[in-house]
Structure formats: structure tokens, C-alpha cells
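First comes the structure, then the notes that go with it.
Numbering of ligands and ligand atoms starts at 1, following listing order. Note: hydrogens, waters and symmetry copies are ignored here, and every other heavy atom, side chains too, is used.
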Amino acid sequence: MTRSLELMLITRARGHGVRAAVVAAEGTFSYSELLDASARVASALLGGGEDLEQARIAFLVPRGFQYVAVQWGIWRAGGIAVPLAVSHPARELEYVVADADASAIVAHPDFEAVLKPIATSRAIRFVSTTEVLAAAPPLSLPGVDERRRGLILYTSGTTGRPKGVVLTHANLRAQVSSLVAAWGWSAHDRILGVLPLHHTHGIINVLSCALWPGACCELLPAFDAERVWQRFADGDVTVFMAVPTIYARLIAAWETAPAASRKAMSDGCARMRLMVSGSAALPVRVFERWREITGHTLLERYGMTEIGMALSNPLRGERVAGSVGTPLPGVEVRLVDEEGRPVEPGAAGEIQVRGPAVFLEYWRRPDATAEAFRDGWFMTGDLAVVENGRYRILGRKSVDIIKTGAYKVSALEIEDVLREHPDVRECAVVGIPDPEWGERVAAAVITRHGNELDLQALRDWARQRLAPYKLPARLLVVPDLPRNAMGKVQKPEVTALFEAVDRV
Ligand code: AMP
């Protein structure tokens, strides 16, 4: 093995040896066991070859040890990991496998029925986690230069279907090491992982940041508020990270718990050192209520799949509600006006980011990549202002990006799918503010021939085509859509239609 080109994460893991790396439904696994299991996965994927040479390996494994072993195995074999989402219907899975041009799919046996046909139709290899984990260890593994691509994460934008965000191993190292330093990670930490592992928050901030310093990552197979509170009450978890919707649900569970249990729940939090919120705006109400019931001041941060984390409130020092703090180590951030010029102090502008954590490209979309950068800065499309030296997020430039439960979804993608419905003649999708979800997907529809359409029927139909969080939560059948003189649908006016209904 060319040790000099071994990935830093792997080299570091050797030093963590018998420490617990992953705790999951399958049991507790040390770093040595993770190294052994991932080497077997790599060996199975290589199948006698020397190096996957950045072939894309799509994988669908529930949150647990096998997920981590497969992800590391792909990396160690020189492949690009393309995590699929457990919640996605076949159509979305197929899209990612095809767009990434994956050469193989690795899946937990639970997902074989949905993924094997996709592999067969594309004439690519299908292999189960049982098979790859049972492979003989490799005699040697390739050296992997960290400038190589390591991960493709699919994210929605303003251009319809999701794009693959390509991160090199150097990007991943920059993202992880910045957070490990800023948030004081150490081998003594134990994090409870409840976030999806096809998204940057779960993969980078939770899983990879824990495994970098030799900490323990405990993965719950599904989010369950009672189970999370139980684990907090046990008192051995030190770090927790979630999206605002999850904190809102934990607050609701605390409020309905018996008074006697509440104290144990709150006391457990007192032994934790850090609780982080991000991926969507943290409502001040949730920030304050969380502090009241747990004594913890949530650390809110701002980031994006393309850049990792960019802004964060401090580990030590004042955390201000509604603020996302200051740039993280190694990350350059600036605000610019419409012409791309840095704004005057105190003025609002678009956030631009530069630095080693910023992604390489959108997979096989050179035009989209070129459009996303200006003078070497990545244009986030988010608007912010600096107040008292801290950034405050004001919103997004595009109305076509909806954040629901911290999932980023494209209004245009949903519209394209809804237009396939036999009773939909035209439609416009918008995000409607919601205290629990941040925003909810709302569809205004003109039906064909004045046919009736109800929300449940539309959702049932769309469920085969869209991930659950993209399904419309609101439906309004309208005779016409508000348009400007050019015929373009006026999204703010569509939002107003829903607000008018709510006021009645
Ligand atoms: P994603 O790539 O799915 O993580 O989505 C990134 C987007 O989430 C950003 O471009 C922001 O619009 C939004 N976002 C992330 N963190 C925050 C935050 N703390 N406050 C407001 N919006 C956020």
C-alpha cells in the first residue's frame, strides 16, 4: 500500500485502535473493526482490480455500522461514494444512479428489491452489504491522492432536478478539520446521530467530525423523540446536532412528558457540552424554549452542501438568537451587491464563500459550475447582513428553493412532476412559512376541464415520484395563476393566495 497517499481519515483511525467508533443497532464497533470491515468492502469492490479510479459507487444502507463500513470501503478502493436516500422512491433513486453514472450499487438487503432492478436495467453491478462485508481482506489497497473526488451529494437548486455536488477528499478534510477545531471535538466525545446520511449535515458534521478525532458516533436507526430524550437522560452523550424541526419535535415531546421524567431529561442535557442547530433558520422561539428546558444555548451555524459550514456562533462566548456568527477557520466569507461588489459595512448582500472547503464542481455540469462562481468565489444565493460583527441570514435570492424540515427542495422540480398528473393543467409551487417545518411545500393548481383534485389524492399519486418531503402539504385549486406582463408566474403573489385562505 502506498501509505503516503492514504487518506488522512484512515491513517488517523489506525491511531484510534480499540476505541469505540460506531455504536448502532448492530452493536459496538471499534476503529480497528471499522478499518477491517471497510478493507473487506474495498476488496469486494475492487474485485481483483487495483483501483476504482474514481468510479461512482451508489450505496443505500440504513444509518448504522454497515453504512460507515461501505462509505469508507468505497474511499479506500479509490471510488467516489454516492449515498442514496433511504426515504426516496425508486424514481429518485434511479435518477441519482443514472446521473452519477454509477458503475455499481451496494445495498443493504432491505433495499435489494428496489435497487436490483435499477442495476439490471442499467447493466451495472449490484452487490449486497452482506456480500461485501464477507469478502476476504485485500492484499493491497490503492493510494488515494486527496485531490481526487471522494463524494457526490445530490442537492436541489433553481434548475429543476437535483445536481451532484462533487467534493474532493481535500474538500472533506478542510470541512471536517475546520469544524473539529472550532467546536472543540476530542476523542472523549460521543455524538448521537439522528440525521439522514445522504446529506452534508449528517455525513460531515456528525459522522466524519466524530470519527476524525477518535470520538464515538452513536447512530439511531430512525429519529424517535422519546429515544433521543432517553439517551440524553442517560448522561453519556456529549454532543448533539440537529435541524430546527427536530428541536421543535423534542420540545413538544418534553412538554407532553410526565413532570417526573422531565427533570431527568433536562438533567441529562446538563452533562452535554455542545448542541448545534443548522441547515435552516432556527426560530428564536425554539432557541429560547430550548434554553429554558435544557439550560443549553443552541449553537447555530450556516452552511451548504457546496461549501460545508461557513459561519458559526462561537463555542465559547456569546451565541445570539437569529445570528449565525462569524466565518469558521479557513473559510473566507463576504457579502456582495447585485454587481458583485463587496457591500458597505452594515448593508445587506449575497453571501459568497471561498477556501479549500468549497466543492470542486457540479457533476458533469460545467455550465452550472461556471455560473455558480464569480472571480473564484462561490455564490450561495443566500442574503445576509453583518450586525455587531455577526452575520444574520435574511433569506434566499431565489423563491424557487424551499427549505422544509431543513431539506432543500426545488419548486421547479415539483412543478414538473405535478404537471404529469392527468388532472393538472398548470401549477405553481411555493414555500409557505410554517413554525414547525420552516416552510411547507404548497401547490396552486389549475385543473383540466375544471376537474376536482384533493390534496390526499395528489400526494398519493406523487408519492411514487417524489421523496416524501417534496410532497405538497397544501393544495389550492385556482382558476388562474398570477402572472406578469411577460406571462411569468409571480411566486410572491402565489404565496399571498395561500395566506389569504389562512386569514379567512
Ligand atoms: P443544504 O445544502 O441542503 O445544506 O442547504 C443549504 C441552505 O440551507 C443554505 O443555502 C441556506 O439557504 C440554508 N441554511 C443553512 N443553514 C442555515 C441557517 N442557520 N439559517 C438559515 N438558513 C440556513
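Heavy-atom neighbours of Glu420 CD from other residues, nucleotides or ligands within 6.0 Å: above the threshold of 12.
When the heavy atoms of Gly278, Gly303, Ser277, Ser398 are ranked by distance to atom 15 (C) of ligand 1, first place goes to Gly303. Within the set Pro244, Ser279, Gly308, Ala281, the minimum heavy-atom distance to atom 13 (C) of ligand 1 is found for Ser279.
Residues satisfying the side chain to side chain contact (heavy atoms under 4.5 Å, CB included) test with Arg301, not counting sequence neighbours, are Trp183, His201, Asn205, Val276, Ser279, Leu299, Met309, Ser312.
With salt bridges taken as basic N to acidic carboxylate O contacts below 4.0 Å, one links Glu292 and Arg289. Classification of Arg273 and Asp189 as a salt-bridged pair holds, one side-chain N sitting under 4.0 Å from a carboxylate O.
Ligand-side atoms of ligand 1 in range of Glu300: 18 (C), 19 (N), 20 (N), range being under 4.0 angstrom from any heavy atom. Of all atoms in ligand 1, numbered sequentially from 1 with element shown, those under 4.0 Å from a heavy atom of Val324 are 19 (N). Using a 4.0 Å cut-off to heavy atoms of Thr305, the atoms of ligand 1 that qualify are 1 (P), 2 (O), 3 (O), 4 (O). Interface atoms of ligand 1 facing Arg301, defined by a heavy-atom separation under 4.0 Å, are 16 (N), 18 (C), 19 (N).
Not a single heavy atom of Thr380 sits less than 4.0 Å from an atom of ligand 1. The shortest separation from a heavy atom of His199 to ligand 1 is under 4.0 Å, placing the residue in contact.
Under the salt bridge (charged side-chain N to carboxylate O under 4.0 Å, His left out) criterion, the residue pairs touching residues 162-175 are Glu146-Arg173, with sequence neighbours excluded.
Ring to ring, Phe59 and Tyr67 are close: their centroids are under 6.0 angstrom apart.
Looking only at protein heavy atoms, the nearest one to atom 10 (O) of ligand 1 is Asp382 OD2, 2.5 Å.
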